[in-house]
Engineer: 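A single structure is presented below for examination.
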Amino acid sequence: MNVDLLAHPAEEVAPRLLGSVLTCKTPEGTVRIAITETEAYSGSADPASHAYRGRTPRNAVMFGTAGHLYVYRSHGLHWCANVVTGTDGIASAVLLRAGRVVEGEDLARKRRGETVEHPRLARGPGNFCQALGITAEHNGADLLTGTSVMLSEGEPVPAALIQAGPRVGVSKAHDWQHRFYLAGDPTVSAYRLSPRAKPPAGA
């Protein structure tokens, strides 16, 4: 993966990441996941972004160089992984929402549960990280030159398979068409409107 492919606004990079492969190597073994669903989050112009109110110790990685991993805890329960995009100093990142395990299925299932079906192993951002073994220790990892977590190009995805829709589970700017996914892929998570989201004006 070339940094030039990531040095653009999140909403441009998010669909390009579909089909790419994220690899995580741990002492337990290696898991590789082909990305099937993403969401774009910008900075000060995006009310749903962690960087909307500026830089903090938590979101500092988002303001850094494209090609690094931004990891955060969601609702105190699950780790979520984001690929930092754009230019240094301007927050921009793509949330990795779902994928298909292409290597290390046994290890992914050990982490997720022995009875979990293959399409569900990495469906949803928390499950995606759990299957890979991604935690806070990977926050800030260089995805392009690192050795523990790596992002690489996968098989090309036909443009006709890429669909866009509203973001999942956020209460602000939830109707932005910044969620991208592979149409008909069983690993893609179901759309869910946040109960805290306000309905569109006139609805």
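Each residue takes its place number in the sequence, starting with 1.
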Engineer: Quick one: which of E37, R120, R123 gives a side-chain hydrogen bond (donor to acceptor under 3.5 Å, both in side chains) with S189?
Structural biologist: E37

Engineer: Can you name the closest pair of heavy atoms from G124 and A98 and give their distance?
Structural biologist: N-CB, 3.9 Å

Engineer: For the CZ atom of R53 and the OG atom of S44, what is their distance to the nearest 0.5 Å?
Structural biologist: 12.0 Å

Engineer: Can you hop from V71 to V94 via hydrophobic side chains spaced under 4.5 Å?
Structural biologist: yes

Engineer: Are L144 and L6 close enough, and set up right, to give a side chain to side chain contact (heavy atoms under 4.5 Å, CB included), and what steps lead you there?
Structural biologist: CA-CA 10 Å; L144 306 182; L6 303 176; 4.2 Å; yes

Engineer: Under a 4.5 Å side-chain heavy-atom rule over Ile, Leu, Val, Met, Phe, Trp and Tyr, are I134 and M1 clustered together?
Structural biologist: yes

Engineer: Side chain of Q163, backbone of L161: donor and acceptor closer than 3.5 Å?
Structural biologist: no

Engineer: Quick check against the 3.5 Å criterion: does R111 have a side-chain atom that pairs as donor or acceptor with the backbone of L132?
Structural biologist: yes

Engineer: What is the minimum heavy-atom distance between A48 and R167, and which atoms define it?
Structural biologist: CB-NH2, 3.5 Å

Engineer: Would a hydrophobic clustering, with Ile, Leu, Val, Met, Phe, Trp and Tyr connected at side-chain separations under 4.5 Å, put Y52 with V170?
Structural biologist: no

Engineer: State whether the side chain of R97 and the backbone N or O of V188 hold a donor-acceptor pair below 3.5 Å, judged by distance alone.
Structural biologist: no

Engineer: How long is the straight-line distance from OG of S92 back to CD of E11, given to the nearest 0.5 Å?
Structural biologist: 7.0 Å

Engineer: Testing the basics here: between R32 and S152, what is the closest heavy-atom pair and its distance to 0.1 Å?
Structural biologist: NH2-OG, 4.5 Å

Engineer: Strictly distance-based, threshold 3.5 Å: is any side-chain N or O of D46 a donor or acceptor partner for the main-chain N or O of Y41?
Structural biologist: no

Engineer: Hydrophobic clustering (ILVMFWY, side-chain heavy atoms < 4.5 Å, transitive) - are L95 and L18 grouped together?
Structural biologist: no

Engineer: Can you tell if the side chain of F128 reaches within under 4.5 Å of the side chain of I35, non-hydrogen atoms only?
Structural biologist: yes

Engineer: What do the steps show when you test Y72 against N82 for side chain to side chain contact (heavy atoms under 4.5 Å, CB included), and what is the final call?
Structural biologist: CA-CA 9 Å; Y72 67 87; N82 304 254; 3.2 Å; yes

Engineer: State, yes or no, whether a side-chain contact exists between R58 and Y70 at a heavy-atom distance under 4.5 Å.
Structural biologist: yes

Engineer: How far does NZ of K25 sit from OG1 of T147, to the nearest 0.5 angstrom?
Structural biologist: 7.5 Å

Engineer: Which atom names give the shortest non-hydrogen contact between H138 and S148, and what distance separates them?
Structural biologist: CD2-OG, 4.2 Å

Engineer: Over all heavy atoms of both residues, which pair between A81 and L69 is shortest? Give the atoms and the distance, please.
Structural biologist: CB-CD1, 4.0 Å

Engineer: Measuring from atom CD1 of I162 to atom OG1 of T38, what distance do you get when rounded to the nearest 0.5 angstrom?
Structural biologist: 8.5 Å

Engineer: Go through V157 and L182 one step at a time and tell me if the side chain to side chain contact (heavy atoms under 4.5 Å, CB included) criterion holds.
Structural biologist: CA-CA 9 Å; V157 173; L182 299 184; 3.4 Å; yes

Engineer: Do the rings of W176 and H178 sit parallel, tilted or perpendicular, given the 30° and 60° boundaries?
Structural biologist: perpendicular

Engineer: Determine, using the 4.5 Å side-chain heavy-atom cutoff (strictly less than), whether L107 and L22 are members of one ILVMFWY cluster.
Structural biologist: yes

Engineer: First locate atom CD1 of I33, then atom CD of E105, and finally report the distance between them rounded to the nearest 0.5 Å.
Structural biologist: 11.0 Å

Engineer: With a 4.5 Å limit on heavy-atom distance, are the side chains of L5 and V13 in contact?
Structural biologist: no

Engineer: Surrounding CD of E155 (heavy atoms of other residues, nucleotides or ligands, distance under 6.0 Å), is the total greater than 12?
Structural biologist: no

Engineer: Treating R179 as the side-chain partner and V168 as the backbone partner, does any N or O pair qualify as donor plus acceptor under 3.5 Å?
Structural biologist: no

Engineer: How many angstroms lie between atom NE2 of H50 and atom CE of M62, to the nearest 0.5 angstrom?
Structural biologist: 8.0 Å

Engineer: Give the minimum heavy-atom separation between A131 and L121, together with the two atoms involved.
Structural biologist: CB-O, 3.6 Å

Engineer: Report the C-alpha distance between R73 and W79 in whole Å, list the side-chain angles of each, state the deciding distance to 0.1 Å, and finish with yes or no for side chain to side chain contact (heavy atoms under 4.5 Å, CB included).
Structural biologist: CA-CA 5 Å; R73 193 81 150 173; W79 297 111; 2.6 Å; yes

